[in-house]
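Worksheet: the structure to be examined is printed underneath.
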Amino acid sequence: MQAERFDAIVIGAGQAGPPLAGRLTSAGMKVALVERSLLGGTCVNRGCTPTKALVASARAAHVARHGADWGLRPVAGVAVDMPRVRERAAAIARQSRESVAEWLKGMKGLTLLHGHAQFEGPRRIRVGERLLEAPRIILNTGARPVIPDLPGLENVPYLTSTGMLALNAVPEHLLILGGSYIALEFAQMFRRFGAEVTVIERGARLLAREDEDISQAIREILEAEGIVIRTGVAALSVEPREDGVALRTDGGELSGSHLLVAVGRRPNTDDLGLEVAGLAPDKHGYIPVDDRLATQAEGVWALGDCNGRGAFTHTAYNDFEILAANLLDGEDRRLGQRVPCYALYIDPPLGRAGMTETEARATGRKVLVATRPMARVARAREKGETRGLMRCVADAESGQILGAAILGVEGDEAVHSLLNAIGAGTPFETLIRTMPIHPTVSELIPTLLQSLAPAQ
Ligand SMILES: Cc1cc2nc3c(=O)[nH]c(=O)nc-3n(C[C@H](O)[C@H](O)[C@H](O)COP(=O)(O)OP(=O)(O)OC[C@H]3O[C@@H](n4cnc5c(N)ncnc54)[C@H](O)[C@@H]3O)c2cc1C
Ligand SMILES: NC(=O)c1ccc[n+]([C@@H]2O[C@H](COP(=O)([O-])OP(=O)(O)OC[C@H]3O[C@@H](n4cnc5c(N)ncnc54)[C@H](O)[C@@H]3O)[C@@H](O)[C@H]2O)c1
């Protein structure tokens with residue numbers, strides 16, 4: 001069969017594929033973009049967009065219930081209308097998906113194919129009956145939930161993050177396996193919707209990547225809302241019960257009406273026919289890439305969650321920016337130039353940039369550290385949301401900021417001034433001299449930096 005010729009083939013219309021197709025077609029290339037499921041990928045359809053819409057509903061329910069904290073006298077209780085909450089999130093996701101579809105429809109030089117793509121030769125791709133060929137192939141295939149090898153799991157109606165988005169009723173008691181991003185965001189939102197929630201984390205603490213006191217502060221925030229947290233607990237097996245599931249652990253049996261499995265994600269690389277292209281995934285299934293996102297196969301690049309170099313929407317999008325700049329603008333941008341950052345969307349959120357204190361100390365540098373409780377931030381007190389803390393870590397010799405964490409109201413936004421300072425290489429002494437706006441959470445950043453002192 002004769003293959004259709006393109007200048008580039010992009011597999012996956014998630015966070016990197018569509019903008020890359022946009023840049024390549026604008027440069028006059030003939031591009032094929034292949035998507036086997038929904039345009040917009042995980043973030044738009046099953047990830048960030050619907051979950052952050054649900055977080056907003058859960059926060060509204062929480063604020064309404066706790067009106068007395070702000071001097072209000074509630075006249076009636078709050079009832080969560082789960083079908084409407086779910087539909088609100090679905091509508092926001094739908095709108096984003098439709099705008100991706102519109103954008104792609106208007107892209108001159110683009111052929112959008114719906115179907116599963118896989119390699120049939122080093123630079124040859126099969127999509128159903130069609131064969132495509134191009135000198136450039138870009139993989140943006142994303143990831144999916146890990147399903148652990150837990151005896152009995154196949155016999156119970158367990159949920160993943162995707163299934164949670166389809167719930168039309170609030171579970172009576174939600175058991176959550178895992179204690180990281182997905183687990184904690186769903187734990188708090190469903191607790192606020194009215195469910196009993198138990199989190200079961202195998203590790204000794206929640207969010208093992210964070211400094212210990214931050215992971216403890218997060219635990220306390222969640223426990224104060226009535227979420228039960230069991231850490232250092234191994235799940236041994238699960239079985240169905242008339243009214244739900246029973247989870248046997250090394251710390252005893254736990255029962256609940258629903259079980260959410262949130263123990264990580266794995267890349268969608270096992271059904272791509274990588275070996276045909278001369279590519280070998282690593283032991284976790286990720287496609288190895290160099291600092292410029294090139295794989296071991298000439299003319300093939302891997303972007304986003306499938307390359308194991310980031311697991312966020314912003315890392316996928318930044319992968320696109322790096323590759324587009326290198327392919328089309330004569331630049332030499334590299335993965336190593338970006339500052340790691342992310343947020344955990346519990347309420348209050350955790351905003352993170354650069355290294356944790358633990359990571360900074362492990363580099364062997366002389367480290368300065370400053371920590372300030374949110375209870376000493378005027379804006380947080382005025383808002384009545386004083387939980388959490390802010391932290392900054394800096395290099396004592398160069399004055400460079402190495403990392404920051406803001407666990408507190410507006411922490412996901414406020415951390416950006418420190419993220420930008422790290423990215424721009426601005427020393428902390430310069431930030432101390434800036435004049436911030438009052439009253440904001442960010443206004444305390446210069447004050448925080450003034451208290452930097454050698455790590456104990
Ligand atoms: C519940 C949840 C909440 C999240 N919240 C956040 C958040 O708040 N902030 C954040 O930054 N990140 C968040 N993430 C992570 C974020 O969604 C991902 O990191 C991001 O979507 C990765 O983008 P991507 O382009 O690499 O992959 P994806 O968005 O997964 O896109 C990959 C696309 O490729 C398609 N595909 C795969 N294989 C093939 C094939 N062989 N042929 C054709 N098409 C194929 C898939 O159908 C998919 O549409 C969340 C994830 C989840 C699950
Ligand atoms: N706010 C955000 O940016 C956001 C939100 C949700 C998801 N995400 C992305 O999705 C990815 C996946 O998130 P995640 O929370 O599923 O995974 P994760 O990889 O971050 O954490 C998995 C957790 O499950 C625990 N675990 C593993 N096996 C277990 C078992 N058998 N029993 C109990 N606990 C077990 C691990 O110790 C770990 O704490 C993240 O890497 C993140 O990038 C991001």
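Fair warning: this is a prediction, and the values are worked out from it, not measured in the lab. As the structure lists them, so they are numbered: ligands from 1, and atoms in each ligand from 1.
A salt bridge links Arg94 with Glu87; the closest basic N to acidic carboxylate O contact falls under 4.0 Å. Ion pair Asp211/Arg352 not flagged as a salt bridge, since none of the NZ, NE, NH1 or NH2 atoms sits closer than 4.0 Å to an Asp/Glu carboxylate oxygen. A salt bridge is defined here as a Lys NZ or Arg NE, NH1 or NH2 lying under 4.0 Å from an Asp or Glu carboxylate O, and Glu410 with Arg379 fails to meet this definition. Ionic pairing of Arg387 and Glu225 is present here: one or more N-O contacts between side-chain nitrogen and carboxylate oxygen are shorter than 4.0 angstrom. A salt bridge does not link Asp290 to Arg334: none of the charged side-chain nitrogens sits closer than 4.0 Å to a carboxylate oxygen. Between Asp329 and Arg333 no salt bridge is recorded (no basic side-chain N to carboxylate O distance below 4.0 Å). A salt bridge links Glu385 to Arg59: at least one charged side-chain nitrogen sits closer than 4.0 Å to a carboxylate oxygen.
Summarising the geometry of Met374 relative to Ile406, their closest heavy-atom pair is SD-CG2, 4.5 Å, with the distance given to 0.1 Å. Of all the heavy atoms in Asn168 and Arg86, the pair that sits closest is OD1-NE, 2.9 Å.
Within 4.0 Å of ligand 1, protein heavy atoms come from Ile11, Gly12, Gly14, Gln15, Ala16, Val34, Glu35, Arg36, Ser37, Leu38, Gly41, Thr42, Cys43, Arg46, Gly47, Cys48, Thr51, Lys52, Gly115, His116, Ala117, Asn140, Thr141, Gly142, Ala143, Ser161, Ile182, Arg265, Leu272, Gly304, Asp305, Ala311, Phe312, Thr313, His314, Ala316, Tyr345.
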Less than 3.5 Å apart, N/O on ligand 2 and N/O on the protein: could you list those pairs with the distances?
| residue | atom | partner | partner atom | Å |
| --- | --- | --- | --- | --- |
| ligand 2 | 1 (N) | Glu185 | OE2 | 2.8 |
| ligand 2 | 1 (N) | Ala343 | O | 2.7 |
| ligand 2 | 3 (O) | Ala343 | O | 3.4 |
| ligand 2 | 15 (O) | Tyr181 | N | 3.3 |
| ligand 2 | 15 (O) | Ile182 | N | 3.0 |
| ligand 2 | 16 (O) | Gly264 | N | 3.0 |
| ligand 2 | 17 (O) | Gly264 | N | 3.4 |
| ligand 2 | 20 (O) | Ser180 | OG | 2.7 |
| ligand 2 | 20 (O) | Arg209 | NH2 | 3.2 |
| ligand 2 | 21 (O) | Ser180 | OG | 3.4 |
| ligand 2 | 28 (N) | Arg202 | NH2 | 3.4 |
| ligand 2 | 34 (N) | Arg202 | N | 3.2 |
| ligand 2 | 37 (O) | Glu201 | OE2 | 2.6 |
| ligand 2 | 39 (O) | Glu201 | OE1 | 2.7 |
| ligand 2 | 39 (O) | Glu201 | OE2 | 3.3 |
| ligand 2 | 43 (O) | Ala311 | O | 2.5 |

